[in-house]
Amino acid sequence: MFAERVLSGMRPTGSLHLGHYHGVLKNWVKLQDEYPCLFFAADWHALTTQYDDPRGIEKATREMVIDWLAAGVDPSKATLFIQSQVLEHAELHLLFSMLTPLGWLERVPTYKDQQEKLSNKDLSTYGFLGYPLLMSADILIYRADKVPVGEDQIPHVEFTRELARRFNHLYGREPGFEEKAKAAVKKLGSRDARAFEHLRTRFQQDGDASAVERARALLQAATGLPDGDRERLLGYLEGTGKTILVEPGYLLTEASKMPGLDGQKMSKSYNNAIALREDAASVTQKIKRMPTDPSRVRRSDPGDPDKCPVWQLHQIYSDAGCRDWAEKACRSAGIGCLECKQPVIDGILREQAPMRERAQTYLDNPALVRDIIADGNARAGELARETMRDVRAAMGLSGDR
Ligand code: TRP
Ligand code: SF4
């Protein structure tokens, strides 16, 4: 059985904003206490759309990693690494390219969508079409069973599941699979062996799903069984072959509700963002300049919070008492908008203070970041090489003939 493991990647798009913090990073910080986690900068993925101008990617990657650290991603808990520094991703991607039907790639919804959305770029490239394949390699190479992603990425994880199934089906039937499986059944001891065979027959002949569940539980509980045999028996049970690559599941990250300065979703491309480590003066300026309820022209005009983007920020940064105060005073024209904005400014600055502080340590000491990444690359590389040994063996590429 493979260990529970979380893996997620982010494209380096430059410094991150508070939307990334509320949408993604807070979740990573929580997950790192619950599972072994791997988080990586998907710099090769950035190349799929930015191949014409790759020079900024390295700096963007560095800034992004500092933002992760600033947000509280902890390198003593999670492994942080850079995709392009673990070459095995590319090897697995190449091997996948041999067995992936073209139609599967053309059918991925983001393929046509993104091509249309980024119509100023020529994205009729091999790498862009192969994007989901590279993402599959990222995931499967770590046998990650939990992939936190936003809704837009779910089709990619589904794609990865199908690809893992296809791979296991094609290569999971090692020479002598049946004989090896039968020998492994014997290792269960006569009582469990009989129960296992019985459950397997019930599943394969009658499609009884509860039989599969019980047989799986039986295998889990068989502590004396070598892992290789357990995997083999899982494949034998379901008629798929040995599990070489683990079908991942996803953890849906709820879409960020973080509003930007104009009330639209916060996004770099809308120019309405506050950077994760933006300096205090600039944050204050930005909030002070934020538009409010447009019908509130004079201080004496009552306002409607529902028509005001500042009110949306109160939902995130203010407690119930403060929200109550702001709402009543807005509707009765009891306060001016600047007064109403102050608790929001304070809230953002309070949230950013520890981030700025953590980031400062890394900015003052760039070698620290280099070491964290070098450690992470090495750890990820070890895990990736473990999987690649099995993948190569399954495909007859071990190099020992
Ligand atoms: N495609 C993801 C995105 O654009 C980034 C990514 C690449 C990723 N590889 C991954 C996410 C593997 C999770 C797992 O957001
Ligand atoms: Fe918006 Fe507050 Fe001004 Fe009302 S008082 S319009 S909620 S900023």
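Everything numeric here is computed off the predicted structure, so don't read it as measured data. Computed over heavy atoms, backbone and side chain alike; hydrogens, waters and symmetry mates excluded. Start at 1 and go down the list; that is how both ligands and their atoms are numbered.
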Indicate whether any N or O donor in one side chain lies under 3.5 Å from an N or O acceptor in the other, for Glu278 and Ser282. yes
Side chain, backbone, both or neither: Phe40 near ligand 1, heavy atoms under 4.0 Å: side chain
Does ligand 1 come near enough to Ser8 that some N or O of the ligand is less than 3.5 Å from an N or O of the residue? no
Would you kindly specify which portion of Val147 sits under 4.0 Å from ligand 1, judged on non-hydrogen atoms: side chain, backbone, both or neither? side chain
Identify, for atom 5 (C) of ligand 1, the protein heavy atom at the shortest distance, and state residue, atom and that distance. Gly9 O, 3.6 Å
Do Tyr131 and ligand 1 have an N or O pair less than 3.5 Å apart? yes
Check Arg216 with Glu238, please: is the shortest side-chain N to carboxylate O separation under 4.0 Å? yes
Counting only protein N, O or S atoms and ignoring waters, those under 2.8 Å from atom 4 (Fe) of ligand 2 are Cys330 SG
Taking 4.0 angstrom as the limit, do Lys307 and Asp293 come out as a salt bridge? no
For the aromatic rings, using the six-membered ring if either is Trp, is the centroid distance between His89 and Tyr142 under 6.0 Å? yes
re atom 2 (C) of ligand 1, the protein heavy-atom contact at minimum distance is Gln153 OE1, 3.3 Å
Identify which of Ile141, Val157, Ile139 has a heavy atom lying nearest to atom 12 (C) of ligand 1. Ile139
Looking only at side-chain N and O atoms, does Thr61 offer a donor or acceptor that is under 3.5 Å from a partner on Asp43? no
May I ask you to decide if the ring planes of Trp28 and Phe39 are parallel, tilted or perpendicular, using 30° and 60° as cut-offs? parallel
Nearest protein heavy atom with distance in Å, relative to atom 9 (N) of ligand 1: Asp138 OD2, 2.8 Å
Tell me, yes or no, whether the heavy-atom count around Glu254 atom CD, taken from other residues, nucleotides or ligands under 6.0 Å, exceeds 12. no
Can you label the angle between the Tyr131 ring and the His45 ring as parallel, tilted or perpendicular, going by 30° and 60°? perpendicular
Taking atom OH as the centre, does Tyr250 end up with more than 12 heavy-atom neighbours from other residues, nucleotides or ligands that are less than 6.0 angstrom away? no
Does Glu106 form a salt bridge (Lys or Arg N to Asp or Glu O under 4.0 Å) with Lys112? I'd like the steps, not just the answer. CA-CA 8 Å; Glu106 288 163 342; Lys112 289 227 156 57; over 6 Å; no
Counting only heavy atoms, which portion of Gln83 has something under 4.0 Å from ligand 1: side chain, backbone, both, or neither? neither
